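Here is the structure we will look at, set down as structure tokens.
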Amino acid sequence: MDTRQRSTQDRIIDGLIQCIKEKPVREITNKDIYTKAEVTYQTFFRYYSDKNELLDDLENTLISELQSAQKNDRDILTQLKHAPDEDEILTLSASEFKNTLSFCDKNKTILRALLSPHGDLLFVRRIQNVAEKEFIIRARYFSGSRKLTVKEVLFIRTYVTQVITLLENWLFLSDDISQKSITEIIGKAQIMSPIEILRTESKEITE
């Protein structure tokens with residue numbers, strides 16, 4: 001892709017993100033976006049038919065990148081010869097979320113906007129669906145490749161919601177919480193309840 005073309009599209013995307021920071025995505029107009037992007041309406045419509053096509057294109061790209069990151073993170077699990085114990089799960093978390101967290105960090109500004117109260121609720125649901133499918137695949141490595149029960153699938157969905165909430169909060173607090181720290185928290189969330197994690201953290205602080 002021509003560098004100038006990419007630069008123009010980046011400006012248009014940035015225009016959308018700046019608009020989302022100011023008002024809900026449903027209230028944003030095409031004019032709002034190309035005005036923020038400082039491009040002409042002719043330039044905007046050269047790339048996108050309207051705001052919805054821009055949003056769809058951006059979100060589809062992000063979902064595709066997220067899926068690739070998750071697949072790369074999953075590679076470490078394919079090397080398992082047995083169902084890991086709790087200590088191994090904690091150790092594995094450093095690798096099985098590495099690319100996903102890098103994806104989040106690279107797209108931090110865009111994700112913060114899309115996942116904010118002004119963002120796109122459907123995008124949040126798409127991320128949830130992608131993550132659920134991924135963790136159902138991963139769960140087979142942790143369970144010795146046996147078929148999962150309905151109850152276990154429900155537990156996975158609960159865990160995925162917890163992880164997504166952690167990542168959402170990290171996106172907005174990443175200046176205060178390192179990638180290593182959030183990885184450790186996610187790892188602990190795989191084997192401990194929130195109350196147990198809180199008790200463990202409190203004990204470590206007082207010691």
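Note that the coordinates shown come from a computational prediction; the quantities given were computed from them, not determined experimentally.
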Residues passing the ring-ring contact (aromatic ring centres under 6.0 Å, His included) test with Tyr159, sequence neighbours excluded, are Phe135
Exercise. Are side-chain heavy atoms of Leu173 and Ile182 found at a separation under 4.5 Å?
Worked result: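 Counting from C-beta outward, Leu173 and Ile182 never come under 4.5 Å.
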Can you name the side-chain hydrogen bond (donor to acceptor under 3.5 Å, both in side chains) partners of [X], sequence neighbours left out?
X	answer
Ser181	Ser178
Arg26	none
Asp120	none
Thr183	none

Partners meeting side chain to side chain contact (heavy atoms under 4.5 Å, CB included) with [X] (sequence neighbours left out):
X	answer
Lys31	Thr29, Tyr34, Thr35
Asp50	Asn30, Asn52, Glu53
Thr161	Gln128, Thr165
Arg126	Glu59, Asn60, Ile63

Q.
Quick check on Tyr41: does its OH atom have over 12 non-hydrogen neighbours (other residues, nucleotides or ligands) under 6.0 Å away?
A.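 12 or below, so no.
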Is it true that atom CZ of Phe45 has more than 12 heavy atoms of other residues, nucleotides or ligands lying nearer than 6.0 Å?
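Yes, CZ of Phe45 has more than 12 neighbouring heavy atoms, counting only those of other groups under 6.0 Å.
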| said: Just verifying a value: how many Å separate Trp170 CH2 and Leu111 CG, rounded to the nearest 0.5 Å? | reply: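 One gets 10.0 Å once the value is rounded to the nearest 0.5 Å.
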Quick note, salt bridge (Lys or Arg N to Asp or Glu O under 4.0 Å) partners involving residues 95-111, not counting sequence neighbours, are Glu65-Lys106, Glu96-Arg138, Asp105-Lys108
Q.
Please list all pairs meeting salt bridge (Lys or Arg N to Asp or Glu O under 4.0 Å) that have one or both residues in residues 32-48, counting only residues at least two apart or in different chains.
A.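 Checked against salt bridge (Lys or Arg N to Asp or Glu O under 4.0 Å) - neighbours excluded - the pairs reaching residues 32-48 are Glu22-Lys36, Lys23-Asp32.
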Arg112: partners by salt bridge (Lys or Arg N to Asp or Glu O under 4.0 Å), with sequence neighbours left out
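So Arg112 forms no salt bridge (Lys or Arg N to Asp or Glu O under 4.0 Å) with any residue.
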field: Evaluation steps, side chain to side chain contact (heavy atoms under 4.5 Å, CB included), between Ile110 and Asp14
entry: CA-CA 8 Å; Ile110 296 174; Asp14 184 62; over 6 Å; no
